[in-house]
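Have a look at the structure below, then the notes.
Both backbone and side-chain heavy atoms feed into the values below; hydrogens, waters and symmetry mates do not. Protein chains get the first letters and strands the later ones, always in sequence-line order, with residue 1 at the start of each. These numbers were taken from a predicted model, which means no experiment stands behind them.
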Amino acid sequence: MGDYRQPVRLEEALEVLVRPYTVLSGGTDFYPARVGKAVDEDILDISRIKGLRGISSDGTGWRLGATTTWSELLAADLPPLFDGLKQAAREVGGQQIQNAGTLAGNLCNASPAADGVPPLLALDAEVELASRDKVRRLPLSSFIVGNRRTQLLSDELLVAIHVPRSTTQARSSFLKLGARRYLVISIVMAAATLEIAEDRVQTARIAVGACSAVAQRLPVLEVALAGEPLDARLAEKVQRAHLAPLTPIEDVRGSADYRLDVVVTLLRRLLAEVAS
Amino acid sequence: MRVAFTLNGRKVEWCGLPATRLAAALRDDLGLTGTKIGCDAGDCGACTVSLDGRQVCACLVAMGQMDARAVDTVEGLAAKDGALTALQDSFLAHGAAQCGICTPGMLMAAHDLLSRRAQPNRAEVEEALGGVLCRCTGYSKIVEAVLAAQTKVTAIAPSAGGAVGTRIVRVDGVVKVTGRDLFGADVMPADALWIRVVRSPHARARFALGDLGPLRARLAAVLTAADIPFNGYGIYPDIKDQPVLADGQVRYRGEAVLALVGVRTDVLAIRDQDVPITWAPEPPLVGIDAATAVDAPLVQADKPRNLLLDGGVRRGDAATAFGRCAAVAEGTFETSFVEHAYIEPEAGWAQRVGDRLEIHATTQTPYMDRDEIANVMRLPPEAVRIVPTACGGGFGGKLDLSVQPLTAVAAWKLRRPVALVYTRPESMAASTKRHPARVRAKFGCDATGKLVACDVTATFDTGAYASWGPTVANRVPVHAMGPYAVPNVRTWGEAFFTNGPPAGAFRGFGVPQAAIAHEAMMDELADQLGIDQLEFRHRNALQAGDTTGTGQKLEHSAGLAQCLEALRPHWRKAHEEVAAFNRKDGPKRRGVGIGCMWYGIGNTSMSNPSRMRMGLAADGTLTLYNGALDIGQGSNTIMAQIAADALGLPVAQVALVTGDTDLTADAGKTSASRQTFVSGRAAEAAGQDLRQHILRLANAGADARLSLDGAVLTVRDGAELHTLDLAKVGPLMGEGVFDPPTTPLDADGQGIPYATYAFAAQIATVEVDIELGTVKVLRIVAAHDVGKAINPTLVEGQIEGGIAQGLGLALMEEYVPGRTENLHDYLIPTVGDVPEIECLLIEDREPLGPSGAKGVGEPGLVPTAPAILGAVHHATGVRAHRVPLLPHRLREAIVALKGEQA
Ligand SMILES: Cc1cc2nc3c(=O)[nH]c(=O)nc-3n(C[C@H](O)[C@H](O)[C@H](O)COP(=O)(O)OP(=O)(O)OC[C@H]3O[C@@H](n4cnc5c(N)ncnc54)[C@H](O)[C@@H]3O)c2cc1C
Ligand code: FES
Ligand code: FES
């Protein structure tokens with residue numbers, strides 16, 4: 001039987017982590033990995049830590065506390081920049097999962113099909129990692145390094161996700177393709193953030209998930225979109241060649257070719273939606 | 001850890017390991033088994049409770065997180081005095097609970113929504129229920145019940161003789177909407193030992209057991225093949241080919257190898273890698289081609305060519321008749337393993353009572369279980385008592401043994417109660433599946449569109465063990481020409497062993513697979529001749545007076561033509577709407593398709609009697625002793641309605657004793673859509689028999705009217721009034737038996753395989769996203785000839801639930817051992833996937849059936865996949881030759897078709 005710690009202060013939690021503990025947050029990835037098995041590891045339950053809760057903002061951007069649930073995100077008053085992330089939140093599992101699962105849990109679990117990752121990549125999000133001795137920030141794009149692998153050290157907690165404010169007007173969107181309506185693992189999903197000035201795309205950030213071990217930004221496409229007028233023709237910019245960073249695999253949900261094929265469609269639809 | 005929280009408005013304290021799941025604590029420690037566990041992984045929503053006013057999965061909440069929080073469960077919905085909430089009443093009135101295993105979760109999810117929005121719209125209801133799976137209802141009635149939760153309903157209470165044909169609330173409904181119904185995992189004695197089964201990770205391997213001594217020292221027992229008195233079971237008396245525990249060799253992934261018996265936490269703590277087994281894996285035979293290859297190794301040493309069984313139907317001369325045909329269509333169609341995915345995993349417990357064994361488990365077939373356990377234990381059948389619990393869905397999958405033999409062996413040996421509950425992955429890996437099929441079909445017709453000949457070969461992958469394989473291989477040739485009059489027939493069914501999971505019984509016994517083929521052929525012939533697809537089928541529909549492929553003259557009740565006539569206006573309207581939609585450009589294309597089916601009720605050319613008893617006790621209790629198991633389809637209610645009317649007393653006065661093999665007579669298995677027709681007819685006879693006793697005692701005429709008040713039975717015969725004091729004349733007992741008349745099939749498959757057939761036709765409207773390959777089914781209209789709808793709500797429930805499973809078969813369900821062994825990789829339809837369904841009930845009376853009724857349990861599913869696939873073809877031009885038509889398969893086919901056309 002393992003130890004179970006449930007600190008209310010972050011410092012206590014980080015003190016606990018000096019020795020390895022499994023972090024438990026919303027439990028929606030934790031328990032499904034333990035079906036029919038005795039749960040006997042040492043557990044650090046972070047659900048009662050006040051400092052990890054809630055969404056706040058300042059002049060530079062927004063801070064999404066690690067234990068923010070999908071439902072809390074959906075209920076939060078946030079600008080259109082967050083529309084894509086909210087669309088993703090609505091597609092995570094069913095409402096039961098959204099009420100319990102957390103954003104940070106989604107990132108730390110680091111599934112290739114994690115729906116939170118592409119929209120947060122498209123928001124240029126950073127993660128704040130804290131240990132007893134130091135706090136560091138990493139771009140999300142370098143935090144997740146592989147299928148279920150992150151840069152998180154065993155003595156660290158992900159304490160917050162930071163989303164920078166854009167200098168101009170910004171819009172975002174998210175599209176997910178699954179084989180059924182609810183409770184479905186993405187076959188592919190895509191997210192886009194467009195920063196807009198004078199009816200033109202100033203900066204585009206596009207990310208695609210479930211087409212590689214880690215969700216990928218599409219830099220060549222982003223460059224191609226920059227400076228383009230914000231209208232229906234934006235969608236036509238998407239080319240198969242832009243997908244070079246993707247390395248999809250074949251699994252029960254779809255073939256590799258299919259994934260690349262439909263990503264183009266999803267991206268076109270996504271851009272058409274953001275542009276309109 | 002000690003936590004204090006509020007449970008259904010009461011403060012409670014709980015003490016235990018903090019990582020304990022809330023669902024487990026509620027059920028095991030706090031005595032509230034209303035919260036169900038279907039997966040322990042968040043995938044099914046059966047455990048949905050309200051936590052601080054929000055729905056969550058109780059299987060994903062750590063008890064350590066519960067301090068100072070408030071949880072509400074299904075048990076907390078009704079008022080203290082038992083008064084149901086409007087939502088619960090609405091669930092009852094709409095027939096929203098079938099087996100009831102999902103009902104607590106559905107209620108709590110809906111409760112969450114209704115507490116926020118009193119009058120939600122359909123989209124909001126679907127969003128709220130999206131995380132709870134139901135395998136029985138097809139969701140329609142659940143959504144309707146939630147939408148109508150504000151509308152007050154008055155329950156129907158038919159008077160004497162008026163129950164049949166009414167929509168009475170199911171007799172076992174209240175326990176289902178209050179969480180009080182007891183399923184397999186809800187009845188475990190506190191002192192029971194538990195079993196954890198160690199299963200094969202390989203599809204084909206030899207293995208050697210190491211020294212089990214250390215494990216045995218830690219546990220009550222470690223059972224191996226050597227502990228099983230007779231280590232073989234199987235559906236057929238002469239094919240006991242499946243070992244309870246594998247003996248040195250495994251033939252499919254998930255096969256049981258060892259049983260660890262001990263204190264629950266002890267057996268769970270032992271991981272597979274701690275068990276000394278040395279595996280020598282061998283390349284498995286996967287699929288029909290591997291099994292039939294010339295040099296294929298044998299799956300079972302005594303089954304040459306890996307052949308389980310073959311046979312067929314031959315009538316006229318199909319081969320030459322094709323030469324006379326004006327149009328001929330040909331095609332090959334393949335289907336996959338399909339999992340039953342009942343939301344209740346296999347569960348039960350056994351105990352030794354003196355020299356008898358008592359088994360409490362979820363099952364579809366108590367008497368077969370009894371005989372099979374007796375055989376495994378080498379005990380006389382009378383020494384085994386099966387007490388079925390409520391069954392949280394079966395669909396054929398709980399016709400085979402699961403927890404029964406291991407709990408029996410352990411309880412017998414240890415003289416302690418022993419329990420076993422499968423985990424979801426275990427349930428999926430170990431249990432039977434729908435047979436993967438390859439159906440090669442060729443149909444021909446004359447210039448007027450009359451069918452002339454058909455030649456169909458259906459080859460089945462029966463997996464590692466026979467299970468119901470012979471039933472499938474027998475039933476399919478009889479049905480493979482479809483519900484049509486075809487003078488020249490050659491059909492063939494054959495089943496081969498592979499190292500797949502044993503393929504068994506699954507709603508339709510192979511007929512749904514064959515229907516995909518014959519319906520595609522109907523579409524192609526109709527299209528070749530430019531005849532409307534519905535009219536083409538109407539022209540060929542079997543009618544009373546026609547002769548079937550097996551040479552059986554259908555005397556009555558062949559209502560396919562009526563079904564098609566009822567569908568005609570819907571068909572025209574759907575075509576007009578689709579054409580209007582498709583005039584717009586865009587990636588979404590719509591299509592309409594139609595599927596027809598027929599289905600023989602009961603066993604194929606085999607006796608399958610049911611016996612029912614109805615008794616009036618000295619205290620006036622009226623009881624139907626009902627051996628027909630209700631697995632959600634509603635047979636408890638149907639039997640009560642039929643027997644009450646036959647006797648002539650109000651159905652509300654009928655109490656039921658169901659399933660217990662010590663208390664009821666054998667009413668056969670709940671399969672083959674037979675309970676309403678066969679057991680219903682026996683229940684009718686039992687009611688009539690009891691009535692005869694009463695009339696004789698009162699010396700009253702046949703039209704006399706009965707009433708029962710306490711122990712006083714009043715018989716009103718015209719002006720005369722007799723009262724019978726049951727305390728003096730009771731107890732009275734009536735008995736009824738029915739065995740549908742059939743004859744054996746000869747070498748050419750000629751004979752009378754079934755006493756009657758159900759007929760149906762369905763229309764599907766779909767929308768295909770051409771660019772993504774996704775299919776959204778928009779609407780289904782289902783016309784079913786059921787003979788007589790004893791309870792229309794229950795009939796619709798069977799049709800709607802069948803349609804949802806047919807949709808899954810067509811579009812998403814594919815069991816791949818080792819890859820889709822859970823409910824997030826194996827997808828079944830959610831509330832958002834099942835379309836609006838309109839049921840049209842056609843009642844072409846079957847004189848043999850009770851009040852003219854036939855069966856509907858399986859027919860709902862059979863025409864759905866063909867209708868959907870036809871609609872996809874209409875929308876895209878793609879004919880699906882392999883199901884499920886997953887998005888990537890459809891998209892690839894669309895691209896290929898475009899390439900051909902370009
Ligand atoms: C039925 C079902 C459906 C689902 N559907 C989807 C879906 O559609 N899309 C999707 O993306 N996901 C889905 N998920 C996955 C899951 O809900 C999400 O990934 C969720 O956001 C995880 O959050 P959690 O708080 O529950 O994580 P937990 O289970 O508590 O933890 C997940 C992992 O992250 C670690 N961890 C958590 N928080 C921290 C932290 N702050 N610092 C360091 N480590 C941490 C834990 O140790 C653990 O390894 C589904 C899950 C279920 C059960
Ligand atoms: S048991 Fe909790 S979701 Fe299935
Ligand atoms: S009634 Fe929903 S699963 Fe049976």
Side-chain angles (χ1 to χ4, degrees), chain A residues 1-6 22 24-43 45 47-48 69 71 90 93-101 177-185 187-188 250-259 261-262 264-266 268-269, chain B residues 1 17-21 39-43 45 48 51 54-57 59-62 64-65 109 112 126-133 196 265 268-269 271 423-426 587 771-774 811-812 814 816 819-820 822 824-825 827-833 886-888 891-892 895:
Chain A
M1 181 181 66
D3 191 15
Y4 189 90
R5 305 291 288 273
Q6 192 180 54
T22 302
L24 172 67
S25 186
T28 63
D29 281 318
F30 176 89
Y31 280 107
R34 289 160 179 80
V35 175
K37 299 191 181 108
V39 181
D40 51 10
E41 61 255 73
D42 295 332
I43 292 170
D45 174 358
S47 65
R48 303 240 159 172
T69 63
S71 296
R90 246 175 245 117
Q95 288 185 2
Q96 298 97 322
I97 302 301
Q98 294 161 19
N99 288 337
L177 172 65
R180 72 177 175 190
R181 178 63 194 87
Y182 296 109
L183 282 179
V184 68
I185 301 176
I187 302 172
V188 297
E250 158 140 24
D251 64 12
V252 288
R253 286 178 275 281
S255 60
D257 274 351
Y258 172 73
R259 286 191 158 93
D261 175 24
V262 291
V264 173
T265 300
L266 282 196
R268 287 186 179 147
R269 290 184 186 179
Chain B
M1 183 170 173
L17 296 180
T20 306
R21 295 166 149 101
C39 69
D40 250 352
D43 296 323
T48 300
L51 184 58
R54 292 281 186 157
Q55 58 164 316
V56 297
C57 294
C59 70
L60 303 179
V61 178
Q65 301 185 332
D112 177 27
E126 290 188 6
E127 286 283 328
L129 303 184
V132 192
L133 298 178
R196 188 169 91 67
T265 46
L268 284 185
R271 296 174 191 243
T423 64
R424 173 59 57 180
E426 182 175 28
E771 294 172 349
L772 299 178
T774 50
L811 298 179
M812 58 180 85
E814 180 165 21
V816 187
R819 298 178 76 182
T820 60
N822 56 57
H824 50 266
D825 291 317
L827 300 183
I828 66 171
T830 68
V831 65
D833 301 298
L886 293 170
H888 69 98
R891 172 66 186 157
E892 278 150 20
V895 172

(request) Can you measure from OH (Y4(A)) to CG (L17(B)) and round to the nearest 0.5 angstrom? (result) 11.5 Å

(request) Give me the one residue out of V831(B), L133(B), V132(B) that meets side-chain contact (heavy atoms from CB on, under 4.5 Å) with Y182(A). (result) V831(B)

(message) Given heavy-atom pairs under 4.5 angstrom as the criterion, report whether the side chain, backbone, both or neither of R253(A) touches chain B.
(response) both

(request) To the nearest 0.5 angstrom, please state how far the CZ atom of R891(B) sits from the CZ atom of R259(A). (result) 15.5 Å

(request) Decide yes or no for Q55(B) and Q98(A): does some side-chain heavy atom of the first lie under 4.5 Å from some side-chain heavy atom of the second? (result) no

(message) Which atoms of T265(B) are under 4.5 Å from chain A, going by heavy atoms: the side chain, the backbone, both sets, or neither?
(response) neither

(request) Name the option with the most non-hydrogen atom pairs under 4.5 Å to chain A; the candidates are L268(B), N822(B), V56(B). (result) V56(B)

(message) If I take atom CG from residue L183(A) and atom CG from residue D833(B), how far apart are they, to the nearest 0.5 angstrom?
(response) 10.0 Å

(message) Looking at chain A, which one of L886(B), D40(B), L827(B) has the largest number of heavy-atom pairs inside 4.5 Å, strictly under?
(response) L827(B)

(request) Heavy-atom pairs under 4.5 Å with chain B are the metric here; pick the option from A33(A), S47(A), A100(A) that has the most. (result) S47(A)

(message) Using a 3.5 Å distance criterion without hydrogens, assess whether the side chain of R180(A) forms a donor-acceptor pair with backbone atoms of I828(B).
(response) yes

(request) Without swapping roles, check the side chain of R21(B) against the backbone of Y31(A) for a donor-acceptor pair under 3.5 Å. (result) yes

(request) Can you measure from CG (D251(A)) to CZ (R819(B)) and round to the nearest 0.5 angstrom? (result) 7.0 Å

(request) Heavy-atom pairs under 4.5 Å with chain B are the metric here; pick the option from D257(A), N99(A), V262(A), T28(A) that has the most. (result) N99(A)

(message) Would Q65(B) and L24(A) count as a side-chain contact (heavy atoms from CB on, under 4.5 Å) here? Give the steps.
(response) CA-CA 10 Å; Q65(B) 301 185 332; L24(A) 172 67; 3.8 Å; yes

(request) Select, from E814(B), R271(B), E426(B), the one with the greatest count of heavy-atom pairs under 4.5 Å involving chain A. (result) R271(B)

(message) Counting only non-hydrogen atoms closer than 4.5 Å, does D29(A) touch chain B with its backbone (N, CA, C, O), its side chain (CB onward), both, or neither?
(response) neither

(message) Looking only at heavy atoms and a cut-off of under 4.5 Å, which of G36(A), G101(A), P32(A), G94(A) has the most pairs with chain B?
(response) P32(A)

(message) Counting only non-hydrogen atoms closer than 4.5 Å, does S25(A) touch chain B with its backbone (N, CA, C, O), its side chain (CB onward), both, or neither?
(response) backbone

(message) For a quick test of reading the model, state the closest non-hydrogen atom pair linking Y258(A) to P887(B) and the distance between them.
(response) OH-CB, 3.1 Å

(request) Flag the pair E771(B) and R269(A) as a salt bridge only when some basic side-chain nitrogen lies within less than 4.0 angstrom of an acidic carboxylate oxygen. (result) yes

(request) Tell me, please, which residues at least two apart from R54(B) pass side-chain hydrogen bond (donor to acceptor under 3.5 Å, both in side chains). (result) none

(request) Check each atom of V264(A) against the heavy atoms of chain B and say whether the ones under 4.5 Å are side chain, backbone, both or neither. (result) neither

(request) Please state whether the side chain, the backbone, both or neither of V61(B) comes within less than 4.5 Å of a heavy atom of chain A. (result) backbone

(request) Can you sort out the partners of R48(A) under side-chain contact (heavy atoms from CB on, under 4.5 Å), two or more places apart, ordered by chain and number? (result) Q6(A), V8(A), D67(B), R69(B)

(request) Please report the shortest heavy-atom distance between I97(A) and G42(B), naming the atom on each side. (result) CD1-O, 4.1 Å

(request) Output the option from R90(A), R34(A), R181(A), Q96(A) having the highest count of non-hydrogen pairs under 4.5 Å with chain B. (result) Q96(A)

(request) Could you tell me which non-hydrogen atom of V35(A) sits nearest to which non-hydrogen atom of A41(B), and how far apart they are? (result) CG2-CB, 3.9 Å

